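Worksheet: the structure to be examined is printed underneath.
Index from 1, following the sequence. Note that the structure is predicted; figures quoted are calculated from it, not measured. These numbers come from the heavy atoms of this one structure, side chains and all, not from hydrogens, waters or symmetry mates.
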Amino acid sequence: MYIDMSDRFYGAWWGAFLGDALAMPTHGYSSLKMLQKDYGEVADFMPAKPQHPESILHSIQVPDLPPQYDYLGEARRTLWKQYGIHPHHNFEAGRNTLPMFLSLHLAAAITDPSTEFHFDTWMQRYHAVMVAPDGHPDTFISSVHRQYFENLAEGKDVKKNGCPDAHIGDIVIFLPLILEGISSLPDAHRRIFKALEYFCTGETAPNSAYFVSEIISMLVRGATLEDVLYTIMTPDRHFCLAYPYRRWIKNREEESAINMMGRFARLEEALPLSIYLSLKYAGNIRQALLVNANLGGETCGRGALIGMLMGAQCGFKNLPHDMVSKLVYSGEIQALGKLMHDAVMNVKVSG
């Protein structure tokens, strides 16, 4: 059977951006009642309302940092001091959040024809994006980034003092490295671990990112997610494989499944829930992404991962193309996706 690996690569690439942007308005809602009051039933891209009834920004203590390490800036700092500000304040429909914005910058660094990719130069670019007043448009900055710059300001070794809690958004930033597993799993493994050591302690985040890379490499080559999880991989490969997804799906126990896994950002919750939704709605990526957006919690990171997994299985041709064209960064996604495709599919990874 002929497998169009390029179509599946582009499915994974675009699917991640679709899932993130579609889920952006409902990010952070634990109450479905509040979510539905604010957004009804999400059926397409929607703008974020300025206010969020369950916003946590005002409760996060952030220090005053020297300008070269100030990841907030005056405008965001003012918003963070207010009660009830949406984490993606004033985002229009179809805009991607900070993790996917950073993934575009990482793709640009990897595919820059003028220089060979090195992590030191990538981190310089990352640093500039995060501290420049107009470096990125997002209001919310997760704990791994806050910890990184606070470590720098205090003169600490960032690789020994990273954030101990791994979140789903911390790995989707590295979508370009995850996709490199299609070309070479050993190279992807090395580079994923090297990238995440700047931000996270422990092995949960890099192991999980590499686990996703393994799955994507198999899906792009023609496997189904069902085959990967139940036939190709052994049950001890990753903690996500311990859940009874098939039983939940067969017995229509969605609420029980969601309650057991949880809706929020820790990888131990968000990764298995993303896999569950990807399995349950395997034939309909639009439905999977909409169900995710309407669940609340860590919708964005889950959405990016679901889009990645299902896009790699279904291919770009089966994505909801009416949504693809409405992504705010569609031009950049298309251009950098082509460069990433050529780098991953045609050229051995280095660096």
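The pair Lys326-Asp44 meets the salt-bridge criterion, since a charged nitrogen lies less than 4.0 angstrom from a carboxylate oxygen. Ion pairing between Arg286 and Asp322 holds under the 4.0 Å rule for side-chain N and carboxylate O. Contact check on Asp342 versus Lys338 returns a salt bridge, with a Lys/Arg side-chain nitrogen under 4.0 Å from an Asp/Glu carboxylate oxygen. Ion pairing of Arg77 with Asp64 is present here, as a side-chain N (NZ or NE/NH1/NH2) and a carboxylate O approach within less than 4.0 Å. Under 4.0 Å is where a charged nitrogen must lie from a carboxylate oxygen, and between Arg246 and Glu226 at least one such pair does.
Between the side chain of Asp170 and the main chain of His167, a donor-acceptor pair closer than 3.5 Å is present. Within the 3.5 Å criterion, the main-chain N or O of Phe211 finds no donor-acceptor partner in the side chain of His238.
For Glu253, the CD atom counts as densely surrounded, since its 6.0 Å shell holds more than 12 non-hydrogen atoms of other residues, nucleotides or ligands. For Glu203, the CD atom sits in a loose shell: 12 or fewer heavy atoms of surrounding residues, nucleotides or ligands are nearer than 6.0 Å. Other residues, nucleotides and ligands contribute only 12 or fewer heavy atoms inside 6.0 Å of the CE atom of Met260. For Asp157, the CG atom counts as densely surrounded, since its 6.0 Å shell holds more than 12 non-hydrogen atoms of other residues, nucleotides or ligands. Glu74 CD: 12 or fewer foreign heavy atoms inside a 6.0 Å radius.
Here the rule is side chain to side chain donor-acceptor pair (under 3.5 Å) with Asn292, and of Arg263, Glu298, Gln287, Arg302 only Arg302 fits it. Among the candidates Ile85, Ile141, Val62, the single residue satisfying the side-chain contact (heavy atoms from CB on, under 4.5 Å) test with Leu57 is Ile85. Among Glu332, His136, Arg125, the single residue meeting the side chain to side chain donor-acceptor pair (under 3.5 Å) criterion with His105 is Arg125.
Less than 6.0 angstrom separates the ring centroid of His127 from the ring centroid of Phe149. Taking the ring centroids of Tyr148 and Tyr126, they lie under the 6.0 Å cut-off. Ring centroids of Phe91 and His86 are separated by 6.0 Å or more, keeping the two rings apart. In this structure, Phe316 has its ring center under 6.0 Å from that of His321. Aromatic rings of Tyr83 and His58 (six-membered ring for Trp) have centroids within the 6.0 Å cut-off, being under it.
At a cut-off of 3.5 Å, with distance as the only test, no side-chain donor of Asn151 or Asn161 sits close to an acceptor on the other residue.
Between Trp122 and Ile110, the closest side-chain pair of non-hydrogen atoms is not below 4.5 Å.
With Tyr245 as the aromatic partner, Lys280 does not meet the cation-pi criteria of under 6.0 angstrom to the ring centre and within 45 degrees of the ring axis.
Between the CG atom in Asp20 and the OG1 atom in Thr299 there is a gap of 8.5 Å [rounded to 0.5 Å].
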List the steps and the verdict of salt bridge (charged side-chain N to carboxylate O under 4.0 Å, His left out) for Asp7 and Lys317. CA-CA 7 Å; Asp7 183 59; Lys317 64 179 179 293; 3.1 Å; yes
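Note on ring orientation: taking the six-membered ring where Trp is involved, the planes of His88 and Phe140 are perpendicular (angle over 60°, cut-offs 30° and 60°).
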